[in-house]
Amino acid sequence: MSLEEIFDQYLGSRIYKAREKLLPDYVPEDLPHRDEQIKRLALTLAPALSGSRPSNVFIYGLTGTGKTAVTKYVLRRLAEKGGGRIEYVYINCRQNNTSYRVLAELGKFLGVKIPFTGLALGEVMKRITQALDRKHRILIVVLDEVDNLVKRNGDDVLYYLTRVNEQLTNTRVSVIGITNDLKFTEFLDARVKSSLGEEELVFPPYNAIQLEDILRRRAKEAFHEGVVSDAVIKKVAAIAARQNGDCRLALDILLKAADIAERERASEVTEAHVDKARNEIEKNLTVDVIKTMPLHVKLVLASIYLLTKEGGAKTITTGLIYDKYKELVTKVGIEPVTSRRITDILNELDMAGIINARVISLGRYGRTKVVALGVPLKNVEEGLLSDIVISAVIGG
DNA sequence: AATCCACAGGAAGTGCTGGGCG
DNA sequence: CGCCCAGCACTTCCTGTGGATT
């Protein structure tokens, strides 16, 4: 296929009318089945319009339940109404996963020059405080996926943001914390918990019927007529409904399926395309995660991979993994890390969803972790083989 | 009922990187 | 220049523990 042909195919797409409407950062004109949440968030934030500081808000909900979309949607409208007196910053704490980086993002928004390393945290806070007070306004700081930040770095940034108002005369700061960890507040200092939890908002998962409705609306905007059948919509919705009603996933699958259909020059998206899309998404997710892991983590994963492949019915435990790992390390010709570190690495892999690990007691025979791969062996293999060092030791 | 294995996992610290500041 | 800062990957040293076996 020549470049010309590839581009022409997209120009005259038989599938898409507007592909961008399926992309994750697209916020639609209306958000169905989230009326209650929109209303409550709007009510909470509305005092900003009369110049008083709105309550801090805590938003809970699993991934893909519309937390981010609703928040952006409401804030955008609020800022428009506010005519420059109300502003908001959106900071994702997964991408900016340290206290320093979050503050640096905030600084960037305020136009303060903050180097990406080197300064003491207290110094950064001081500069931000000064910059905040330069203007007369209400600033709403949105911290998305804030649990990522707090679990790794503690709640010093939250503590700072909820108390900075005491030092300000012109600006008022409100915080909206978004999290998909429902037990998240356990990690918080009591003072932060009470001031941040002034208002709480829960986003329930979408059910299959709601997902279908959302998909239908979105499909109407994104696709030509007759390209996506109702059966396909139903299938995608059912898959996503099983995954905690994750709407982001639903849209992602639909997009991928349509891309595949386009690539195959099909005239419609079929259920087979959906299956392929689901596999591809799953695979890409794990392969990408594995590719970016540090060497020793990869080696530990490679050990688990080998044990799974050759080990038969035996259960895989920490001790077994450590032995295999040391074997691999010798082949590569580097020094092994301690078993203490292996414990942490196994937890990291568990958190990433690559493996399933749980502690069990074998009575007399000790207490250990039983580990199994949480994703298809094939996907792990593909991820590992992309590393030259690893592929050398597991290849033959 | 007591024992004791094979680890789990907390606390504190090290050495390195990549940057401040005065 | 010397000293300070945060973050990461890792070590050292350590205490804790579920439950099959004695």
Side-chain angles (χ1 to χ4, degrees), chain A residues 91-108 110-131 143 145-161 183 186-187 189 289-304 307 311 314-330 332-352 354-372 387 389-390:
Chain A
I91 302 172
N92 185 304
C93 303
R94 199 209 306 241
Q95 285 148 36
N96 306 286
N97 60 357
T98 65
S99 303
Y100 195 99
R101 282 208 271 273
V102 168
L103 289 176
E105 273 302 299
L106 182 54
K108 203 166 83 187
L110 295 166
V112 200
K113 196 187 153 252
I114 292 175
F116 46 91
T117 173
L119 287 186
L121 269 181
E123 176 62 26
V124 179
M125 289 177 186
K126 213 166 89 193
R127 291 187 191 186
I128 286 176
T129 309
Q130 280 172 12
L143 298 175
E145 309 194 61
V146 66
D147 44 319
N148 271 288
L149 174 69
V150 173
K151 279 178 195 161
R152 314 180 77 208
N153 289 264
D155 51 12
D156 48 355
V157 170
L158 288 177
Y159 188 69
Y160 165 73
L161 284 175
K183 289 183 299 175
E186 286 170 17
F187 297 93
D189 181 285
V289 172
I290 293 172
K291 273 184 185 168
T292 57
M293 291 190 307
L295 180 62
H296 286 286
V297 181
K298 280 183 185 168
L299 282 165
V300 171
L301 183 60
S303 310
I304 300 168
L307 287 168
K314 254 191 292 173
T315 50
I316 301 170
T317 59
T318 308
L320 240 52
I321 294 169
Y322 193 45
D323 290 343
K324 196 80 184 173
Y325 161 80
K326 278 193 284 196
E327 202 181 293
L328 292 185
V329 156
T330 328
V332 179
I334 54 177
E335 285 297 303
V337 299
T338 56
S339 58
R340 177 66 186 85
R341 178 91 253 269
I342 300 296
T343 302
D344 282 344
I345 290 177
L346 288 176
N347 285 336
E348 284 166 29
L349 287 170
D350 192 19
M351 291 268 274
I354 308 278
I355 64 171
N356 295 315
R358 75 199 157 90
V359 239
I360 57 144
S361 175
L362 272 46
R364 236 304 126 89
Y365 306 105
R367 203 157 166 271
T368 185
K369 240 189 202 121
V370 170
V371 169
D387 187 305
V389 180
I390 306 288

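Sequence lines set the chain letters: A, B, ... in the order given, protein chains first and strands last, and positions in each chain run from 1.
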Rounded to whole Å, please give me the gap between CD1 in A:Ile316 and P in B:dC7. 14 Å
Nearest to the side chain of A:Thr343, which nucleotide is it out of B:dT3, C:dC8, B:dA8? B:dA8
May I ask you to verify whether the side chain of A:Arg340 and the base of C:dT12 hold a donor-acceptor pair under 3.5 Å? no
Whole angstroms only, please: what is the OH-P distance between A:Tyr100 and C:dC4? 17 Å
Given that A:Arg101 and A:Ala120 both sit by DNA chain C, which one's nearest nucleotide is further toward the 5' end? A:Ala120
Would you mind reporting whether A:Lys369 and A:Thr343 have side-chain heavy atoms less than 4.5 Å apart? yes
Residue pair A:Lys298 / A:Lys291: nearest heavy atoms and the distance that separates them: NZ-O, 3.3 Å
NZ/A:Lys108: more than 12 non-hydrogen atoms of other groups inside 6.0 Å: no
Would you mind building the protein contact string for nucleotides 14-22 of chain B? One character per nucleotide, 5' to 3', B for base within reach (heavy atoms under 4.0 Å), S for sugar-phosphate only, - for untouched. ----BBSS-
Check: C:dG7 base within 3.5 Å donor-acceptor of A:Arg152 side chain: no
Non-hydrogen side-chain atoms of A:Ile114 and A:Leu106 separated by less than 4.5 Å: no
Any side-chain N or O of A:Asn347 less than 4.0 Å from the OP1 or OP2 oxygen of B:dA8? no
With respect to the phosphate group of B:dG9, does any side-chain polar atom (N or O) of A:Lys369 fall under 4.0 Å of OP1 or OP2? yes
Would you mind reading off the distance between A:Ile342 atom CD1 and B:dA6 atom P, rounded to a whole angstrom? 18 Å
Tell me: CG of A:Leu346 to C1' of B:dA6, nearest whole Å? 14 Å
Name the nucleic acid region contacted by A:Ile360, choosing base, sugar-phosphate or nothing; use a 4.0 angstrom heavy-atom cut-off, strictly under. nothing
Find the distance A:Arg358:CZ to C:dG18:C1' and express it as a whole number of Å. 13 Å
Please check the phosphate of C:dC10 (OP1 and OP2 only) for any side-chain N or O of A:His296 closer than 4.0 Å. yes
Counting any heavy atom closer than 4.0 Å, what does A:Asn97 reach on the DNA or RNA strands: base, sugar-phosphate only, or nothing? nothing
For A:Glu105, is there an ion pair with A:Arg101 - N to carboxylate O distance below 4.0 angstrom? no
note: A:Leu149, atom CG; C:dA6, atom C1'; distance rounded to Å ~ 14 Å
Can a salt bridge be assigned to the pair A:Glu348 and A:Arg341 using a cut-off of 4.0 Å between side-chain N and carboxylate O? yes
Taking for each residue the nucleotide of DNA chain C with the nearest heavy atom, is it A:Gly366 or A:Arg341 whose nucleotide lies nearer the 5' end? A:Arg341
Where is the tightest heavy-atom contact between A:Tyr160 and A:Ile128, given as atom of each residue plus distance? OH-CG2, 3.5 Å
Would you sort out whether A:Leu161 and A:Leu143 count as a side chain to side chain contact (heavy atoms under 4.5 Å, CB included), showing the intermediate values? CA-CA 11 Å; A:Leu161 284 175; A:Leu143 298 175; 4.0 Å; yes
Over all strands shown, is A:Thr338 touching base, sugar-phosphate only, or nothing at heavy-atom distances under 4.0 angstrom? base
Send over the distance from A:Arg367 CZ to C:dG19 C1', rounded to a whole Å. 10 Å
Figure out the CG/C1' separation between A:Leu362 and B:dT3, and round it to whole Å. 16 Å
